[in-house]
Amino acid sequence: MPLILYNTLTRRKEPFVPLDPDRVGMYVCGPTVYDRAHIGNARPVIVFDVLYRLLKRLYPNVVYVRNITDVDDKINARAKESGEPISAITARTAQAFHEDIGALNALPPDVEPRATAHIGQMIVMIQALLERGHAYQAEGHVLFSVPSMSDYGMLSRRTQDELIAGARVEVAPYKQHPADFVLWKPSSQDLPGWDSPWGRGRPGWHIECSAMSKEYLGITFDIHGGGQDLVFPHHENEIAQSVCAHGQPFARYWLHNGYLMVEGEKMSKSLGNFFTVRDLLDQAPGEAIRLCMLSAHYHQPFDWTAEGLKQARAAVDRLYLALRSVAHIQPQGRDEVPIEVLAALKDDLNTPLAVSHLHELATQLNKAATDGEKARWKGALLAGADVLGLLQQDVEAWFRWTPAGGTALSDGRIDDLVQQRIAARKSKNFAEADRIRKELADNGVLLEDGPHGTSWRRG
RNA sequence: GGCCGGGUGGCAGAGUGGCUAUGCAGAGGACUGCAAAUCCUUGUACGUCGGUUCGAUUCCGGCCUCGGCCUCCA
């Protein structure tokens, strides 16, 4: 069964056929580093991480590029507010981004280019657009001429007339057409700027992705991904710039993850339902957050709820409990992704179905009677979880996780109480044993008496 | 106004022209000093009205309804 992907360009599911199976290229729009990542930012990171893991299983060489936007007017505004130097803001925020998404088990991309390190390539591309008659200069700006591209709007399926009608912001007077967008804009001395043929200035938002994808993946490449909100204008404009500058096709498969809502409402700062990844990592382990995200199909809108996170955590608990019961068994077939998990993911990244297969594997593991069966099912469960970026940590570490700033009992204190209870049980002092269990339960610690002794976990 | 995606059992959420999704929650049972975990059994579905069909939750059309986007935004 081939890999099938829903391509926004054609609005249908298509078999994925790479340009060069020996070098599959994927570009995903990364963060603008002016503030900590919120859960909306986390969704594409997790979704495309799963795709990356899947592609690596299917092809020998995958190049995953995810940029960091470190030049942007939002960053400039932040610097002006706080007085913190721009370079400090971007460095600090980029580092925080890496920490946050690392906790969500997102693999680092192969290349993580920064916009400010590719200004030269952007200038070259803008020059090409000017030479080919797809851009013009006006009042220190360089603008892309939307009417110069006959099939502009192919991705978002908009016509140029609609763009005029839909323009709800004031159109800058130097624009020849309301939909024209900025490639380069002048910078005053207090703003970041680079010398260019058009004076000291800075790039527009869209050009960086066009320049950096070409730098690392070539003019035409396989997959371009991002959030659905980027379809227009960002990705539409990337296509316009790249196609018009090079005269050749740009990305072949466009993938977009759906929007993220919170408790049924649009996530926004004014509604007070705006969570950062960091906030959530203080409340729940990263793998619970990750599984929660993967419990709905990437293309659907996702409603983030406290209840959903709770259920996701319970689901991960269940998988780790299955593993805990076979901690002493060496897994077998550790690298063979179970066929049903693979099939689910190859069908346009059907992660909810893949997760359900993980649960079925856990059930089989729980039911396994012989060590041979246990070894086989354990290997299958772990291998299936790997492609989803789940079950990546030590089983006991998972059960010992504790929220930030909590007043949880220490591991050592819990171990002591467990030992006391074991002694009480040995002497048939069940009243004392139950008292200790109750004391631990009151502190959020669950005990499980098994054939191999007593284990505990934080709930 | 334009574009797009939805409406599935208590909840979340896949999927399918006729055959158990899965998890959580519920009920009964086994196991356990008691529990927990686990296993077994089990109840509750496919917005609405038509059409196509031997048969539709699943295809087609109308309707109702929810949500998002339309040059800040993953």
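Lettering of chains follows the sequences in order, A, B, ..., and the numbering in each one begins at 1.
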*Would you mind checking if A/R458 and A/D411 are paired as a salt bridge, meaning a charged N to carboxylate O distance below 4.0 Å?*
yes

_Using a strict threshold of under 4.0 Å (side-chain N to carboxylate O), is an ion pair present between A/D73 and A/R202?_
yes

Looking only at atom [atom1], what distance separates [N] and [M], rounded to whole Å?
N: B/rC59; M: B/rC66; atom1: C1'; value: 24 Å
N: B/rU16; M: B/rC34; atom1: C1'; value: 45 Å
N: B/rA25; M: B/rA36; atom1: P; value: 11 Å
N: B/rU8; M: B/rG1; atom1: C1'; value: 32 Å
N: B/rU42; M: B/rG5; atom1: C1'; value: 36 Å
N: B/rG50; M: B/rA56; atom1: P; value: 13 Å

Which one, [options], comes nearest to the side chain of [X]?
X: A/R437; options: B/rA12, B/rA35, B/rG13; answer: B/rA35
X: A/H359; options: B/rC34, B/rG23, B/rA74; answer: B/rG23
X: A/N41; options: B/rG33, B/rA74, B/rG5; answer: B/rA74
X: A/D229; options: B/rC73, B/rC39, B/rU71; answer: B/rC73
X: A/R425; options: B/rA74, B/rG33, B/rA21; answer: B/rG33
X: A/W205; options: B/rC34, B/rC73, B/rA36; answer: B/rC73
X: A/Q311; options: B/rG23, B/rC73, B/rA14; answer: B/rG23
X: A/A296; options: B/rG15, B/rA74, B/rG13; answer: B/rG13
X: A/L230; options: B/rC24, B/rA74, B/rA37; answer: B/rA74
X: A/E360; options: B/rC40, B/rA21, B/rG33; answer: B/rA21

Contact class for [X] vs. all strands (heavy atom < 4.0 Å): base, sugar-phosphate, or nothing?
X: A/K74; result: sugar-phosphate
X: A/L446; result: nothing
X: A/I39; result: nothing
X: A/F181; result: nothing
X: A/H297; result: sugar-phosphate
X: A/T305; result: nothing
X: A/N350; result: sugar-phosphate
X: A/D434; result: base

*So does A/D449 reach the base of B/rC34 with its side chain, donor to acceptor, closer than 3.5 Å?*
yes

Can you tell me the pairing partner of [N] across any strand shown, Watson-Crick or G-U wobble, with both distances under 3.5 angstrom?
N: B/rG33; answer: none
N: B/rG67; answer: B/rC4
N: B/rG26; answer: B/rU42

*So, A/R290 side chain and A/N105 main chain: donor-acceptor pair closer than 3.5 Å or not?*
yes

*For A/T276 and A/H38, does a side-chain donor sit closer than 3.5 Å to a side-chain acceptor?*
no

Grab the [atom1]-[atom2] distance between [X] and [N] for me, whole Å please.
X: A/H234; N: B/rU71; atom1: NE2; atom2: P; value: 16 Å
X: A/E448; N: B/rC39; atom1: CD; atom2: P; value: 13 Å
X: A/R435; N: B/rG33; atom1: CZ; atom2: P; value: 21 Å
X: A/H256; N: B/rC3; atom1: NE2; atom2: P; value: 19 Å

*Minimum-distance pair of heavy atoms, taken over all atoms of A/A354 and A/L345*: CB-CD2, 3.8 Å

*5'-most by nearest nucleotide on RNA chain B - A/D303 or A/G450*: A/D303

*Does A/Y259 lie flat on the base of B/rG68, that is, centres under 5.5 Å apart and planes under 30° off?*
no

*Establish, yes or no, whether the cationic atom of A/R324 lies under 6.0 Å from the six-membered ring centre of A/F399 and within 45° of the ring axis.*
yes

*Start with the C-alpha distance between A/H141 and A/Y174, add both sets of side-chain angles, then the distance that settles ring pair (Phe, Tyr, Trp, His ring centres under 6.0 Å), and finish with yes or no.*
CA-CA 9 Å; A/H141 295 67; A/Y174 47 78; 4.2 Å; yes

